[in-house]
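These numbers were taken from a predicted model, which means no experiment stands behind them. Letters A, B, ... mirror the listed sequences (proteins, then strands); counts begin at 1.
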Protein chains: 2
Amino acid sequence: MGSARDMAYDIHAMPTATRPTPEAFVPEGDRLSARTEALLDRADSLCVKRGVRMTALRRQVMGLMLESSHPLRAYDLLEQLQARHAGAAPPTVYRALDFLLEHGLAHKIERLSSFVPCVHVLDHSHDHDGDCAHATQFLICRTCARVTELEDGGIVRAIALASRGSGFHVQHSTIEIEGLCAECLASGTNESASLPPQ
Amino acid sequence: MGSARDMAYDIHAMPTATRPTPEAFVPEGDRLSARTEALLDRADSLCVKRGVRMTALRRQVMGLMLESSHPLRAYDLLEQLQARHAGAAPPTVYRALDFLLEHGLAHKIERLSSFVPCVHVLDHSHDHDGDCAHATQFLICRTCARVTELEDGGIVRAIALASRGSGFHVQHSTIEIEGLCAECLASGTNESASLPPQ
DNA sequence: AGCGTGATGTTATAATATATCAATATGAAA
DNA sequence: TTTCATATTGATATATTATAACATCACGCT
Ligand SMILES: [Zn+2]
Ligand SMILES: [Zn+2]
Ligand SMILES: [Zn+2]
Ligand SMILES: [Zn+2]
């Protein structure tokens with residue numbers, strides 16, 4: 001029943017030199033917000049430091065996520081990508097996502113089979129070394145579908161403690177917390193944003 | 001109705017008219033362990049208390065999970081189910097799973113798109129009321145693929161605290177912790193059990 | 001220019017999950 | 001018992017999510 005996801009404003013303000021094909025005569029309708037541009041540039045320079053390439057495609061996918069208020073599914077991204085990028089197919093998107101996930105520039109929300117850009121690209125003290133996989137937790141609002149990324153030490157410690165109690169060595173944790181965000185609580189709106197139950 | 005045990009695996013004790021094909025003369029090969037039978041009976045009586053029905057199909061699916069050392073995917077269950085239940089199709093399994101999840105008799109491991117029986121069916125002080133949705137956390141071993149269900153208050157409190165800090169009202173949390181279990185740590189084996197990376 | 005590597009294009013298919021409607025079973029009411 | 005409403009299952013089709021496999025292309029290096 002996936003439908004009616006918001007259209008995202010497009011991505012097309014990349015550096016001209018970066019653009020892959022000459023097929024792109026789309027009249028540059030939709031610009032990215034200043035914030036998005038800044039974050040993309042930040043992500044780009046992180047990639048340079050790490051000796052990996054933030055290609056036009058990857059930047060475009062990252063841009064789509066940054067411009068969205070909520071998590072996007074792979075095929076949402078594909079659809080939006082196709083508007084500008086005729087040949088795009090599922091692997092196009094999944095590869096870009098794999099790269100972004102691998103480098104900690106995006107995260108997958110398992111419960112939603114959806115993806116969000118990492119909010120810590122900005123403040124990355126994480127820069128230099130390869131701690132792309134930081135410990136994160138997500139707050140998922142069932143009403144407005146917005147997702148908030150946390151990096152809460154208390155949760156991490158509690159998990160470490162409980163795991164140690166079972167003799168378990170933690171490598172990665174998926175923490176996805178569903179409920180109602182502060183805004184939706186305040187406004188009393190309660191229509192669920194078509195999230196899976198429970 | 002006949003005792004729950006009668007229905008347990010004797011799917012062929014169904015009205016003849018119901019049976020799709022005559023091919024089904026499977027001679028009752030596989031018995032369930034005593035532990036599984038006990039847990040099934042426990043689950044059954046929980047259902048009675050709640051006024052819902054632990055049908056033969058549901059019991060069979062639950063039994064398959066209980067007999068497995070690791071999480072099973074829906075189509076794993078389907079395949080095993082089909083050995084006894086000729087007409088089984090994807091909805092057959094997903095419906096049974098929906099029921100079991102709804103009543104807290106099983107859990108879905110999102111990271112693995114797989115399902116495990118709830119270990120707390122036994123000690124359910126949870127009996128009477130409808131707290132089917134207890135707060136759980138899962139330890140997933142990347143080497144042996146076994147999953148351990150926890151109910152750790154420390155984790156729950158840490159999550160409540162962090163969420164409150166964001167003005168967020170928690171309804172449900174998905175906590176899936178990947179790493180190495182005590183046994184695999186001890187034995188030093190490290191071949192991954194084909195789990196997803198990171 | 002020639003080469004090696006990583007990135008993308010392209011097609012096909014696997015794996016996971018749900019929609020829909022028909023048939024049947026179940027338990028309670030009449 | 002018969003009747004009825006509802007829950008469950010059967011059966012088919014399809015939606016959604018994700019990957020395999022191989023060809024081609026772009027980039028950096030010599
Ligand atoms: Zn992050
Ligand atoms: Zn909200
Ligand atoms: Zn449980
Ligand atoms: Zn293990």
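For the pair B/L57 CG and D/dA7 P, the interatomic distance rounds to 18 Å; values are reported in whole Å. In this structure, A/R58 atom CZ and C/dG6 atom P are separated by 11 Å, rounded to whole Å. As rounded to whole Å, 16 Å separates atom C1' of D/dA7 from atom CE of B/M54. Remark: P of D/dT16 and CD of B/E110 are 18 Å apart, rounded to the nearest angstrom. For the pair A/F99 CZ and D/dA18 P, the computed distance is 20 Å after rounding to whole Å. Put simply, CG on A/L100 is 15 Å from C1' on C/dT8, counting in whole angstrom units. Whole-Å rounding puts the B/E79 CD to C/dA15 P distance at 11 Å. D/dT8 atom P lies 12 Å from atom CG of B/D98, rounded to whole Å.
Here the side chain of B/T36 pairs no donor or acceptor atom with the backbone of B/L32 at under 3.5 angstrom. Using a distance-only test at 3.5 Å, with no hydrogens or angles considered, a donor-acceptor pair links the side chain of B/S68 to the main chain of B/H70. Under the 3.5 Å distance criterion, the side-chain polar atoms of A/H103 are matched with a main-chain donor or acceptor of A/F99.
Nearest to the side chain of A/A74, among D/dA18, D/dG10, C/dT16, sits D/dA18.
Regarding contacts with the backbone of C/dT16, every side-chain N or O of B/K108 stays at 4.0 angstrom or more from both OP1 and OP2. Remark: A/Y94 is not in phosphate contact with D/dT19, judged by side-chain N or O atoms under 4.0 Å from OP1 or OP2. Between A/T55 and C/dT8, a side-chain N or O to OP1/OP2 separation shorter than 4.0 Å is present. Close to D/dT9, at under 4.0 Å from its OP1 or OP2, lies no side-chain N or O of B/H85. Between C/dT16 and B/Y75, no contact under 4.0 Å exists linking OP1 or OP2 to a side-chain N or O.
The base of D/dG28 does not come close enough to the side chain of A/R53 for any donor and acceptor atom to sit less than 3.5 Å apart. A donor-acceptor contact under 3.5 Å is not formed by the side chain of A/R95 with the base of C/dG6.
B/V156 and B/I159 fall into different hydrophobic clusters, where Ile, Leu, Val, Met, Phe, Trp and Tyr residues are linked whenever their side-chain heavy atoms come under 4.5 Å apart, directly or through other members.
Where B/V52 and B/A89 each meet DNA chain D at their nearest nucleotide, the meeting point lying more 5' is that of B/V52.
In this structure, a donor-acceptor pair under 3.5 Å is present between the side chains of A/Q171 and B/R142.
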